[in-house]
Number of protein chains: 2
Amino acid sequence: MQRPVLIALLAVAAMQPRLQAAGPNEVERWDRFEAALLAPVSGNPFTGPGLKADFTFEHRTVTVDGFYDGNGTWRVRFMPDAIGTWTYVTHSDIAALNGKTGQFTCFKPSTANHGPVAVARVTHFAYADGTPYYPIGTTSYAWIHQGDQLEQQTLATLKAAPFNKMRMCIFPKNYDYNKNEPQYYPFPRDAAGNNDFTRFNPDFFAHLEKRILDLQGLGIEADLILFHPYDRWGYSKMPPEADDRYLRYVTARLSSYRNVWWSMANEYDLMKTKTMADWDRYFRIVQETDPSSHLRSIHNSGPMYDHSKAWVTHVSVQSSDLEKAVDWLATYRKPVVYDEMKYEGNIPKRWGNISAQEMTRRFWLATVSGAYAGHGETFLDPNDVLWWGKGGVLKGESPARISFLRKILEEGPGGLNVTPDRYYLNAGIEGQYYLYYFDINSPAEYEFNLPAGGKYHADIIDPWNMTVTSVSATLEGKTRLALPGKPNLAVRLRRIN
Amino acid sequence: MQRPVLIALLAVAAMQPRLQAAGPNEVERWDRFEAALLAPVSGNPFTGPGLKADFTFEHRTVTVDGFYDGNGTWRVRFMPDAIGTWTYVTHSDIAALNGKTGQFTCFKPSTANHGPVAVARVTHFAYADGTPYYPIGTTSYAWIHQGDQLEQQTLATLKAAPFNKMRMCIFPKNYDYNKNEPQYYPFPRDAAGNNDFTRFNPDFFAHLEKRILDLQGLGIEADLILFHPYDRWGYSKMPPEADDRYLRYVTARLSSYRNVWWSMANEYDLMKTKTMADWDRYFRIVQETDPSSHLRSIHNSGPMYDHSKAWVTHVSVQSSDLEKAVDWLATYRKPVVYDEMKYEGNIPKRWGNISAQEMTRRFWLATVSGAYAGHGETFLDPNDVLWWGKGGVLKGESPARISFLRKILEEGPGGLNVTPDRYYLNAGIEGQYYLYYFDINSPAEYEFNLPAGGKYHADIIDPWNMTVTSVSATLEGKTRLALPGKPNLAVRLRRIN
């Protein structure tokens, strides 16, 4: 559909003197190209004529929205996904922004850059370069709204933690233990706190972007929550046109960050002023305006959104019912991530005080159900700095165990799906690899029934004490294995022939 | 309906010389009166003309079936439920059994005799004398089929254990770890093992009765399982007329034992040759032929029987889903007993190796859901003596904790129903008593919201370590209580004004 239009525009551009936009000449694959363009401002530049750019690689052209960044500066950003020469041309009804062209070379990514994460093998994830990605998430809803000191502490904590995904709100948060004002507001506001939803605050977004890059530097995906109900500033009840403009502004600014994921909401069903049609529309706007097709999900409190809708890439779910994973995987044929399954901690709220043992157990249950899990932490703090809301330090005992699990996953073949067993949950790859978790069961022996032809090495894994005990005997066909007769143990079987 | 007939019969009796049947002159209330009658045997006395007796107390008459007990002896048994003078008269088409009359005095029961258990306060139980009964059951399916030495050991174990109900099969059991032949068979059989289902083996039943009395002496209800699927002798696939005759014989023999409960089946749904109409018929036969109306239930493997049917006195359920108790209580308005919620142990089967901690947890979850729980134990044994099948000794760590819970229940007011709380499960009596169990939750504080006017004493209970820690402060209205911030704790609130 765009090709004919594009050709016409390029033809026009070719007839004019080439107006180079300010951008780099070289960009790492899956890194960010950004061009800045200046123009005189008249009226409200956030609602006035916009800016688009077509980025062309060989026979493929991608159209990208630009955005106004204040101070008479418009920007267009793009994440090139192919190595080689890219050219681009801008389009705008503002003359000074129109017909700017340029080119850059996209080169081989650096070692730590595996590209954006996407769905792979139906119910799993991988980076764009094919490296498996096992989401081991945590949640700190408002960590970017706490000021530099605490935010730096949060980053230092994350550096030593096992997490490779952070659920975080774009908007600030108003809730128990979360009553402070943010450093930045997304929209300009007057002294009385009235928002001008027709404009954005570029400083707010620059700060957000800085934190996204901080996470990227730590190998952490930023699972950005676009809307949430815990609000006293008005962001949860904006008029529809403001919602839509906000989504387009966000995708224009952030789609080029390879570690961005889109979560339409935290607890969408608690936002009583929004209808299901609103949520569908948000999904479609994000899907249509993000040229890099980052992952898209929506998170529930009670009733689940219909995750079979085409624009949902994976199931992000609040649930403590780990047994449902198998059904959801079969129903949706999409990855299932238990992004909220209660928090390790000690606050009075029933969702905020499970033990480290229980959190560890749930990570394992999700794993052997072919799904993924997310961590969060809520310990009472004299200054109300709870990890789940504000970040800071981790006080719990589950992260070490989650790190242990992550290591086991990374040692494995990836893409573990539930494999049939008479009694116990396990995920694996038939004939190759099996990871059992016995949960509350504590058999003193178990007869594994392995496919003919394979010889397997067994390890008995203690997820809490973080030990792996190698079994000397080799397993083959029906083999009875002596087990410690204690609950919460795991067994890993790896084919050796 | 029976009164006119009775009067006629008594009138006939009065005209004849009184033929006293052999029975005691005095019977304790809720104990067993038994009269033995001799007659010449012709044909099959188990299928020939039967024997009934009418027991009359003041203006009330109860008709009771007698039974043939071998050696030319018929017996009629009866559990008198009222103190005073009872008279009786027998009826039979066998002349020597007909028109026998007698009387006995029913006197005050001894201290340990509280009468049979019945449903009380809708979803709870009480003995006939009003003493609350909190079922704390265990299961040993085939313990009476193990020979005297092991049976005596089982009884010795029970004497020191916390259990006041035993789920046990009448028929022997054939299953993994349960392969031995029984000492007694319920029906005569030939050398090839063919049963004569038209006759009973009185020795079998005498032995069963002995064990029922042994349990009674220990204060344990005998929850008798009438049918079960784990069979190699043919008892699970008898013709309908044999099933019915068996039920009538059993009720005739056993209804006078005050500690008898009737369970139509263990895992009724696994008995594929029986239809739902069969189960309904069994219930009706038992209901109609048991003059003492002992408790009646049926136990499932998968799908549940329709417990709303009028002949079901309480819900006996196999389930690990303790959360369903609240729904079932609301649906059926009958007591709910989780008679099988997996077993403490270490066998490979998934239902046979939960930890003592998990068993303890489930007892507490059932309790604070307004329901009741049952224990069982399956530890591997070199001689295949697993408590759940054969009895013997208890090896697990849950019985001590179950004993601790029983003590707490017995200290309480009884009849605990779920009371509303924002977050946590608790059962109690509004304005008087509350028992909270926090399960996986480990709040470091909690604000209780108690009804106005009451002052409450709080205890923090550790169900695993079996400690009760008294809180010095008194609770009133909305009171925040500091808690240890550990999982699996309970709190008891008792009104003190």
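Here is the naming used below: chain letters follow the sequence lines, and residue numbers restart at 1 for every chain. Here the structure is a predicted model, which is why all the values come from computation and not from measurement.
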- Message: Which one wins on heavy-atom pair count under 4.5 Å against chain A: G352(B), G345(B), G485(B)?
- Response: G345(B)
- Message: We want to know whether N426(B) and T419(B) form a side-chain donor-acceptor pair, criterion being a heavy-atom distance below 3.5 angstrom.
- Response: yes
- Message: Any donor-acceptor pair under 3.5 Å linking the side-chain atoms of Y433(B) with those of R495(B)?
- Response: no
- Message: Do N353(B) and Y446(A) pair up side chain to side chain, a donor and an acceptor below 3.5 Å, judged on atom types alone?
- Response: no
- Message: Heavy-atom cut-off 4.5 Å, strictly under: side chain, backbone, both or neither for I347(B) against chain A?
- Response: backbone
- Short side-chain donor-acceptor distance under 3.5 Å, W387(B) and T138(B): yes
- Between chain A and each of E344(B), K349(B), E358(B), count heavy-atom pairs under 4.5 Å; write down the option with the most. K349(B)
- Query: Which bit of E445(B) comes within less than 4.5 Å of chain A, counting heavy atoms only: side chain, backbone, both or neither?
  - Reply: both
- Query: Does a donor on one side chain and an acceptor on the other come within less than 3.5 Å for N178(B) and Y230(B)?
  - Reply: no
- Heavy-atom distances under 4.5 Å only: say whether R422(B) touches chain A with side chain, backbone, both or neither. backbone
